[in-house]
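Written out below as structure tokens is the structure these notes cover.
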Amino acid sequence: MVTYKFHQFQVVGRALPSEKDEHPKIYRMKLWATNEVRAKSKFWYFLRKLKKVKKSNGQMLAINEIFEKNPTTIKNYGIWLRYQSRTGYHNMYKEYRDTTLNGGIEQMYTEMGSRHRVRNHCIQIIKTATIPAKLCKRESTKQFHNSKIKFPLVSKKVRPPSRKLKTTYKASKPNLFV
Amino acid sequence: MPFKRYVEIGRVALVNYGKDYGKLVVIVDVIDQNRALVDSPDMVRSQINFKRLTLTDITIDIKRTPKKKELIKAMEAADVKNKWENSSWGRKLIVKKRREALTDFDRFKLMLAKIKKASLVREELAKLKKEVKA
């Protein structure tokens with residue numbers, strides 16, 4: 001299917017056991033990263049900010065990729081994020097309609113890049129949730145909550161069926177009417 | 001100038017780009033302005049961009065995101081396969097596929113058939129011309 005840039009991982013880790021603490025608390029995080037190595041690094045980054053533990057005095061217990069349970073149903077995703085702009089840090093809440101959470105996150109990253117010029121590494125995802133249709137806040141997602149949705153496709157661009165058949169010049173102007 | 005073919009739940013569309021090129025699919029739900037959830041009896045339900053679809057005149061009567069069995073039943077009820085194969089668009093695509101699959105021997109047989117047909121037509125034309133002259 002579609003290849004997503006960002007994958008969702010479940011990372012579990014804890015501090016190393018010592019004489020002071022035989023069984024340190026185990027912490028689990030769900031986070032998005034492009035690969036497992038980056039996911040582990042992000043885990044320690046966030047955990048350092050929350051607890052007094054670093055990669056050098058901690059151990060990784062498990063890292064698993066999380067896949068979408070129902071990729072054939074459309075869901076409304078609400079994403080809470082914290083991003084760094086040129087002048088400071090801000091919080092944001094964004095809504096996306098997609099079949100998978102990874103797809104929604106990917107939409108978020110690309111939208112933040114285009115609308116606010118925020119690079120991927122300046123975004124921290126605080127929370128994600130699947131929002132039922134009644135609780136959606138944004139008009140741009142609510143306009144698709146219609147079981148009898150109907151709209152025309154306004155302009156039809158005829159494309160060659162494969163990139164190999166693409167030509168730079170055409171003999172005549174194509175007709176764009178549906 | 002008003003539009004005749006709408007993106008709606010139950011609209012049958014032809015995929016014109018990508019892995020499922022040439023398949024007839026049914027729009028089962030709309031994700032957002034650019035994408036639809038699309039389904040067909042022989043494929044897993046998936047999302048596809050509207051740019052990869054060309055809408056047809058055929059619609060079927062389904063509710064939003066029906067089960068696969070209901071979808072197949074609705075497609076039988078609306079007789080999508082026959083309607084498509086009898087439409088001029090559908091027939092042209094079938095002819096195109098047949099022509100692509102011709103072997104050299106088939107093309108030779110085709111050439112002989114065309115020559116024969118042309119000679120019959122010319123015979124009749126000569127007869128009619130003679131009648132007009134007389």
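Letters go in sequence order (proteins before strands), and every chain restarts at 1. Heavy atoms only: backbone and side chains are in, while hydrogens, waters and symmetry mates are out.
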- request: Check the hydrophobic clustering (I, L, V, M, F, W, Y; side-chain heavy atoms under 4.5 Å; chains of links allowed) and say if A/Tyr4 and A/Ile79 are grouped together.
  value: no
message: Is there a continuous path of hydrophobic side-chain contacts, each under 4.5 Å between heavy atoms, that joins B/Val25 to B/Ile72?
response: no
- prompt: Shared ILVMFWY cluster between A/Phe6 and A/Leu31, side chains joined below 4.5 angstrom?
  reply: no
message: With a 4.5 Å cut-off on side-chain heavy-atom distances among I, L, V, M, F, W and Y, is there a chain of contacts connecting A/Phe46 to A/Trp44?
response: yes
task: Tabulate, in ascending numerical order, the residues of residues 111-122 of chain B having at least one heavy atom closer than 4.5 Å to a heavy atom of chain A, or enter 'none'.
output: none
message: Students often mix this up, so state it plainly: with edges at 30° and 60°, are the rings of B/Phe3 and A/Phe177 parallel, tilted or perpendicular?
response: parallel
- prompt: How about A/Glu111: does its CD atom have over 12 heavy atoms from other parts shown lying under 6.0 Å from it?
  reply: yes
message: A side-chain contact here means heavy atoms from C-beta on lying under 4.5 Å apart; do B/Val30 and A/Arg97 qualify?
response: no
- request: Please indicate whether B/Phe108 has more than 12 foreign heavy atoms, meaning atoms of other residues, nucleotides or ligands, lying under 6.0 Å from its CZ.
  value: no
- prompt: Should A/Lys156 and B/Leu55 count as side-chain neighbours, where that means a heavy-atom distance under 4.5 Å?
  reply: no
query: Measuring heavy-atom distances to chain A, does B/Arg11 have an atom under 4.5 Å in its side chain, in its backbone, in both, or in neither?
result: neither
task: Mark yes when over 12 heavy atoms from residues, nucleotides or ligands other than B/Arg5 sit less than 6.0 Å from its CZ; otherwise mark no.
output: yes
- line: One should read off an interatomic distance between B/Gln47 CD and A/Ile74 CD1, to the nearest 0.5 angstrom, of 8.5 Å
Residues in residues 112-148 of chain A that sit under 4.5 Å from chain B, counting heavy atoms only: A/Phe144, A/Ser147
query: For chain A, which residues from residues 61-68 of chain B lie under 4.5 Å away (heavy-atom distances)?
result: B/Arg64
- prompt: Which one, B/Ile27, B/Thr54, B/Leu37, leads in non-hydrogen pairs under 4.5 Å with chain A?
  reply: B/Leu37
- request: Give, as side chain, backbone, both or neither, the part of A/Asn76 having an atom under 4.5 angstrom from any heavy atom of chain B.
  value: neither
message: Under 4.5 Å between side-chain heavy atoms, counting indirect links through other Ile/Leu/Val/Met/Phe/Trp/Tyr residues: same cluster for A/Trp32 and A/Phe9 or not?
response: no
Proximal component of B/Lys51, with respect to chain A [non-hydrogen, under 4.5 Å]: both
field: CZ on B/Arg35 to OG1 on A/Thr99, rounded to 0.5 Å
entry: 6.5 Å
Those residues of residues 157-172 of chain A, ordered by number, that approach chain B below 4.5 Å (heavy atom to heavy atom): A/Arg159, A/Pro160, A/Pro161, A/Ser162, A/Arg163
message: Need one label for B/Tyr21: side chain, backbone, both or neither, based on atoms under 4.5 Å from any heavy atom in chain A.
response: side chain
